Asker: 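I have a structure I would like to understand better, so I am pasting it below and will then ask my questions one at a time.
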Amino acid sequence: RILYVGEDASVVLRNLIMINGASVDESGALLGNSNELTLINCTLSDSSAGKNNGGAIYNVGKLTIINSTFANNVAEVGGAVYNDLAELIIINSTFENNIANGDSDNHGGGAIFAQRMTSLSIDNSTFIDNDVSGESSGGAIFISFADAEYTITNSRFIANHAEGKANTGGGAIYMVGTSNYERKGKLSISNTLFEENTADTCGAAIYARATTVDVSNSVIFANKDPSG
């Protein structure tokens with residue numbers, strides 16, 4: 001790992017290329033954050049967290065990603081970025097060919113894994129060819145224990161894939177609330193394209209359970225799962 005941002009620290013990284021990170025004993029092969037980290041014009045690629053979380057970044061603080069690229073990163077959970085009890089802001093960025101390879105329905109997020117998030121905002125960003133294998137869900141994004149309002153605007157989800165198991169999936173996005181008995185959390189999606197995403201089980205583009213997903217002014221085209 002190149003850097004860990006500890007409590008009470010605030011770090012901005014600009015115009016950097018970070019590649020070939022490898023982690024055996026800890027999550028976040030390139031970066032870790034427990035307070036405040038901002039990336040501007042950065043590339044994080046070709047890194048692996050092995051059997052840990054976050055192929056590029058492990059985040060339990062506030063993470064802001066602007067004009068950056070994440071490509072070819074691998075982890076059991078959160079192929080590029082793993083978030084827990086965190087804030088995440090993504091603007092004008094690309095996530096391509098990241099993989100989550102954990103074999104559990106609680107694993108997933110080919111690009112991003114996000115649980116118990118206090119806030120999540122994505123704008124004008126592209127998720128392409130991200131993948132989850134085994135029983136994992138959320139080819140691009142996995143959101144669990146949702147209990148707040150999240151937004152995705154002006155973005156593109158193209159050719160992401162989720163294997164999943166029965167009653168899971170989400171080729172592009174998988175989202176569940178905090179309980180199967182009460183609807184929690186809300187994801188608002190607008191002006192966004194979902195194209196050629198696939199799931200081997202349910203929800204070629206989006207899978208949602210015990211939560212609310214509101215899609216407006218968007219295009220959902222040529223996504224496929226076993227139901228058609």
Side-chain angles (χ1 to χ4, degrees), residues 39-46 54-57 59 63-75 78-83 87-100 108-114 117 119-133 136-143 146 149-164 169-175 185-200 202-208 211-225 228:
L39 306 179
I40 302 173
N41 298 324
C42 291
T43 295
L44 293 82
S45 67
D46 301 290
I57 298 178
N59 176 46
L63 174 62
T64 302
I65 299 168
I66 302 171
N67 298 332
S68 294
T69 298
F70 291 72
N72 308 316
N73 301 293
V74 181
V81 182
Y82 175 95
N83 306 271
E87 300 178 55
L88 178 63
I89 300 168
I90 300 173
I91 302 169
N92 300 332
S93 294
T94 298
F95 292 77
E96 183 172 1
N97 197 37
N98 301 285
I99 299 172
I112 295 170
F113 179 94
M117 299 296 287
S119 67
L120 171 63
S121 174
I122 299 172
D123 181 59
N124 194 31
S125 294
T126 299
F127 296 80
I128 183 168
D129 286 326
N130 300 288
D131 185 83
V132 293
S133 60
S136 300
S137 300
I141 300 175
F142 180 108
I143 303 170
E149 295 194 7
Y150 315 127
T151 61
I152 298 175
T153 54
N154 308 308
S155 294
R156 295 148 296 281
F157 292 82
I158 302 170
N160 302 286
H161 172 255
E163 289 192 17
I173 298 172
Y174 171 95
M175 179 171 170
K186 180 178 180 180
L187 174 61
S188 297
I189 302 171
S190 62
N191 301 312
T192 292
L193 170 68
F194 293 85
E195 183 175 0
E196 295 185 347
N197 301 286
T198 57
D200 292 353
C202 304
I206 302 169
Y207 176 96
T211 190
T212 299
V213 177
D214 185 348
V215 182
S216 63
N217 301 319
S218 297
V219 175
I220 302 175
F221 174 74
N223 304 280
K224 294 182 180 180
D225 65 19

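Sequential numbering from 1 along the given sequence is applied to the chain's residues. The structure displayed is predicted, hence computed values, not measured ones.
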Asker: Quick check: closest heavy atoms across Thr198 and His161, and the distance to 0.1 Å?
Answerer: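 Reported closest heavy-atom pair: OG1-CD2, 3.0 Å.
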
Asker: If we only count heavy atoms from C-beta on, is the Ile143 to Thr211 side-chain gap below 4.5 Å?
Answerer: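 No, side chains not in contact.
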
Asker: Under the 3.5 angstrom rule, does the side chain of Ser93 hit a backbone N or O of Ser68 as a donor-acceptor pair?
Answerer: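 Judged by distance alone, yes, a pair lies under 3.5 Å.
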
Asker: Out of Asn98, Val81, Leu39, which one pairs with Leu44 under the side-chain contact (heavy atoms from CB on, under 4.5 Å) rule?
Answerer: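 By the side-chain contact (heavy atoms from CB on, under 4.5 Å) criterion, Leu44 pairs with just one of Asn98, Val81, Leu39: Leu39.
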
Asker: Looking only at non-hydrogen atoms, find the nearest pair between Ala100 and Gly78 and report the distance.
Answerer: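 In this case the closest contact between Ala100 and Gly78 is CB-N, 4.0 Å.
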
Asker: Is a side-chain donor or acceptor of Asn59 paired with a backbone partner of Tyr82 at a separation under 3.5 angstrom?
Answerer: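 The answer is no, because no donor-acceptor pair under 3.5 Å joins these two groups.
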
Asker: What are the two closest heavy atoms between Met175 and Ala146, and how far apart are they?
Answerer: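 Looks like CE-CB, 3.6 Å.
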
Asker: Please round to the nearest 0.5 Å and tell me the distance separating atom CZ of Phe221 and atom CD of Glu196.
Answerer: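 Spacing of CZ (Phe221) from CD (Glu196) equals 7.0 Å.
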
Asker: Would you mind telling me which of Thr126, Asn124, Asn154 makes a side chain to side chain donor-acceptor pair (under 3.5 Å) with Asn92?
Answerer: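 Of Thr126, Asn124, Asn154, side chain to side chain donor-acceptor pair (under 3.5 Å) with Asn92 is met by Asn124 alone.
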
Asker: Quick one: do Asp123 and Thr153 satisfy side chain to side chain donor-acceptor pair (under 3.5 Å)? Show the steps, please.
Answerer: CA-CA 5 Å; Asp123 181 59; Thr153 54; 2.6 Å; yes

Asker: Under 3.5 Å, side chain of Asn197 to main-chain N/O of Asn160, donor-acceptor pair present?
Answerer: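 It does hold such a pair.
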
Asker: List the atom of Gly139, the atom of Ala162, and the distance in Å for their closest heavy-atom pair.
Answerer: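 So the two residues come closest at N-CB, 3.8 Å.
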
Asker: Would you check if Ile122 and Ile141 make a side-chain contact, meaning some heavy-atom pair closer than 4.5 Å?
Answerer: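 Contact flag for Ile122/Ile141 side chains = yes.
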
Asker: Against Asn97, only a single residue in Asn72, Asn73, Asn130 fulfils side chain to side chain donor-acceptor pair (under 3.5 Å); can you say which?
Answerer: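 For Asn97, the side chain to side chain donor-acceptor pair (under 3.5 Å) test succeeds with only one of Asn72, Asn73, Asn130, which is Asn72.
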
Asker: Is it the case that the side chain of Ser125 and the backbone of Thr94 share a donor-acceptor pair, with hydrogens and angles ignored and the cut-off at 3.5 Å?
Answerer: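 Judged by distance alone, no pair lies under 3.5 Å.
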
Asker: Please determine which of Ser137, Ser136, Cys202 meets the side-chain contact (heavy atoms from CB on, under 4.5 Å) test together with Tyr174.
Answerer: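 That would be Ser137; it is the only one of Ser137, Ser136, Cys202 passing the side-chain contact (heavy atoms from CB on, under 4.5 Å) with Tyr174.
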
Asker: Step by step, work out the side-chain contact (heavy atoms from CB on, under 4.5 Å) result for Ile189 and Ile173.
Answerer: CA-CA 11 Å; Ile189 302 171; Ile173 298 172; 4.2 Å; yes

Asker: Indicate the atoms forming the closest heavy-atom contact of Asn223 with Phe194, along with that distance.
Answerer: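 Result for this residue pair: ND2-O, 3.1 Å.
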
Asker: To the nearest 0.5 Å, tell me how far Ile90 CD1 sits from Leu63 CG.
Answerer: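 It is 7.5 Å, given to the nearest 0.5 Å.
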
Asker: For the atom pair CZ (Phe157) and CG (Leu193), what is the distance rounded to the nearest 0.5 Å?
Answerer: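 Atom-to-atom, Phe157:CZ and Leu193:CG are 10.0 Å apart.
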
Asker: Can you tell me how far the OG atom of Ser119 sits from the CG atom of Leu88, to the nearest 0.5 Å?
Answerer: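 Ser119 OG to Leu88 CG: 8.0 Å, rounded to 0.5 Å.
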
Asker: To the nearest 0.5 Å, what is the distance between OG1 on Thr212 and CG on Asp214?
Answerer: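 Those atoms lie 8.5 Å apart.
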
Asker: Are the side chain of Tyr150 and the backbone N or O of Met117 linked by a donor-acceptor pair below 3.5 Å?
Answerer: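 Confirmed, Tyr150 side chain pairs with Met117 backbone.
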
Asker: Within this structure, what is the CG-CG distance for the pair Leu120 and Leu187, rounded to the nearest 0.5 Å?
Answerer: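 Separation between the atoms: 7.5 Å.
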
Asker: Mind checking whether Phe127 and Ile152 have side chains closer than 4.5 Å, heavy atoms only?
Answerer: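 No; the side chains remain at least 4.5 Å from each other.
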
Asker: Looking at every non-hydrogen atom in both residues, tell me the closest pair between Gly169 and Tyr207 and how far apart they are.
Answerer: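 Gly169 and Tyr207 have their closest heavy atoms at C-CB, 4.0 Å.
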
